Undergrad: 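Below are the structure tokens for one structure; questions will follow.
Note that ligands are numbered from 1 as they come in the structure, with each ligand's atoms numbered from 1 the same way. The shown structure was predicted, so the numbers you read here are calculated from the model rather than taken from an experiment.
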Amino acid sequence: MKVLAIETSCDETAAAVVEDGRRILANIVASQADLHARYGGIVPEVASRKHLENIVPVIEAALEVSRCRLSDLDAVAMTYGPGLAGSLLVGLNVAKAIAMVQTLPLIGINHLESHIYANWLVEGPEPSFPLLCLVVSGGHTDMVIMEGHGRYRRLGHTLDDAAGEAFDKVARLLGLGFPGGPAIERAALPTGRHAARAKPALRLPRARVAGPYDFSFSGLKTAVLRLVRGEVGDTPPVPETAAAFQEAVVDALATKTVRATQENQATEILLAGGVAANSLLRQVLAQRSSLPLRVPPLSLCTDNAAMVASCAYYHLRQGQRDGLDLDVEPGLRLG
Ligand code: KG4
Ligand code: ZN
């Protein structure tokens, strides 16, 4: 089964063709990062207008690379939430038009769920249920138990900023640019004679959160702001603050993830979302947990449509379809 998928939930215009949920025939992503970098963050209206410009060339490229014509496709999928309403609407309407003209099954996919399916696009055996999934992106930080395809139980989430959002905001405070995650990771890299040092000298406070699997990152952002303003002694060098911030976020994510695996049945840990690209997070989780850790390759961690096509395949296989009256759901949750 060949699925054409479209993803426009945020600032990436993406289209992909995936066969049987696991084999990528084409995966095209047009990033708007440079455009939004000049504003220091994503401007929703700018994003939707750019999607309008990019969407048709991106789909054409996906068809060309996969050597598929529209008539070779078996279904059309697109992200219908969560995300920016104006951005989601562009992908949704183009997908509907294709489905209508070609009389193809149409299916709307939850963006958070699709991030998890990036792990199905890796060669080798499929992940085995129940899985402990940590979805860490620019808009969400969710911990869920995945009991089967489409079956989720939410354990916890962030009470304020998402992990990626915290990276982006702190990078802005430190003058490191956008997107913040990769910029902080680069700045935090130990250099010179102390390159082997495991932990940064500076330690930032960890938030105390009542829910055993909930997170909070806004206090960390305030702590960095106070350091930058010189309210707590001399302002440390940027690499030191970046390293301390990264360490604090990774520690919170890893500690609660490992606890969740001990208190819930899970056979594997699965990382998903843009922040899964962070190498310290991968490294610390691999060190602290005895369960196998699955992480998508870097290019599939951030927003793309191949993961949407994979997720769609498993839903379609269960007989699920959507009508042409499907609407976007900007506030959609997982589990
Ligand atoms: O999943 P994604 O591409 O978009 C959303 O659905 O939000 O995630 C983007 C987020 C951004 O906040 C970005 O700063 C973060 O992922 N990110 C990272 C890294 N690469 C991207 N955060 C930490 N370390 C990274 N290497
Ligand atoms: Zn995403």
Undergrad: Are any of the heavy atoms in C10 under 4.0 Å away from ligand 1?
TA: no
Undergrad: Taking the six-membered ring for Trp and the full ring for Phe, Tyr or His, determine whether the centres of Y213 and H157 are under 6.0 Å apart.
TA: no
Undergrad: Do the rings of H111 and H115 sit parallel, tilted or perpendicular, given the 30° and 60° boundaries?
TA: perpendicular
Undergrad: Taking N or O atoms only and a 3.5 Å limit, does G274 qualify as a polar contact for ligand 1?
TA: yes
Undergrad: Can you establish whether the number of heavy atoms outside Q265 located under 6.0 Å from its atom CD is more than 12?
TA: no
Undergrad: Please indicate whether any nitrogen or oxygen in T302 is less than 3.5 Å from any nitrogen or oxygen in ligand 1.
TA: no
Undergrad: Just how far is it from atom CZ of R23 to atom NZ of K2, taken to the nearest 0.5 Å?
TA: 8.0 Å
Undergrad: Considering non-hydrogen atoms of the protein only, which is the closest contact for atom 23 (C) of ligand 1, and what is the distance?
TA: G181 CA, 3.4 Å
Undergrad: Applying a strict 4.0 Å limit to heavy atoms, is Q246 in contact with ligand 1?
TA: no
Undergrad: Just which atoms of ligand 1 are under 4.0 Å from any heavy atom in H115?
TA: 1 (O), 6 (O)
Undergrad: Give me the residue, atom name and distance of the protein heavy atom closest to atom 26 (N) of ligand 1.
TA: E185 OE1, 2.7 Å
Undergrad: So which of V249, V275, V170 gets nearest to atom 15 (C) of ligand 1, if we judge by its closest heavy atom?
TA: V275
Undergrad: Quick one: nearest non-hydrogen protein atom to atom 24 (N) of ligand 1, plus distance?
TA: N278 ND2, 3.1 Å
Undergrad: With a 4.0 Å heavy-atom cut-off (strictly under), which part of D168 contacts ligand 1: side chain, backbone, both or neither?
TA: side chain
Undergrad: Look up atom OG in S9 and atom CE in M78, then write down how far apart they are to the nearest 0.5 Å.
TA: 12.0 Å
Undergrad: Can you tell me the N, O or S atom of D303 that's nearest the Zn ion (ligand 2)?
TA: OD1
Undergrad: Within the supplied structure, the quantity of interest is the number of heavy atoms (other residues, nucleotides, ligands) at a distance under 6.0 Å from E126 CD; does it exceed 12?
TA: yes
Undergrad: Using a 4.0 Å cut-off to any heavy atom of A277, which atoms of ligand 1 qualify?
TA: 20 (N), 26 (N)
Undergrad: For atom 3 (O) of ligand 1, what's the nearest protein heavy atom and its distance?
TA: D303 N, 3.0 Å
Undergrad: Thinking salt bridges, do D20 and R317 make one under a 4.0 Å N-O criterion?
TA: no
Undergrad: Hey, are R206 and T255 close enough side-chain-wise for a donor-acceptor pair under 3.5 Å?
TA: no
Undergrad: Tell me: protein heavy atom nearest atom 7 (O) of ligand 1, and distance?
TA: G138 N, 2.7 Å
Undergrad: Applying ring pair (Phe, Tyr, Trp, His ring centres under 6.0 Å) to H149 and Y117, what does each step give before you reach the verdict?
TA: CA-CA 10 Å; H149 291 295; Y117 276 86; 5.8 Å; yes
Undergrad: From R282 CZ over to L298 CG, what is the distance, rounded to the nearest 0.5 angstrom?
TA: 5.0 Å
Undergrad: Do the charged groups of E165 and K169 touch, with an N to O distance under 4.0 Å?
TA: yes
Undergrad: Pick one of side chain, backbone, both or neither for how H140 approaches ligand 1, counting any non-hydrogen atom pair under 4.0 Å.
TA: neither
Undergrad: Can you tell me if, anywhere in H115, an N/O/S atom lies at a distance from the Zn ion (ligand 2) that is smaller than 2.8 Å?
TA: yes
Undergrad: Could you tell me whether the Zn ion (ligand 2) has an N, O or S atom of C10 under 2.8 Å away?
TA: no
Undergrad: So which heavy atom in the protein is nearest atom 6 (O) of ligand 1, and how far is it from that ligand atom?
TA: H111 NE2, 3.0 Å
Undergrad: Mark up the atoms of ligand 1 that fall under 4.0 Å of a heavy atom belonging to G139, in ascending order.
TA: 7 (O)
Undergrad: Between OG of S279 and CG of L189, what distance do you get to the nearest 0.5 Å?
TA: 7.0 Å
Undergrad: Examine F167 against ligand 1 and note whether any of their N/O atoms are separated by less than 3.5 Å.
TA: no
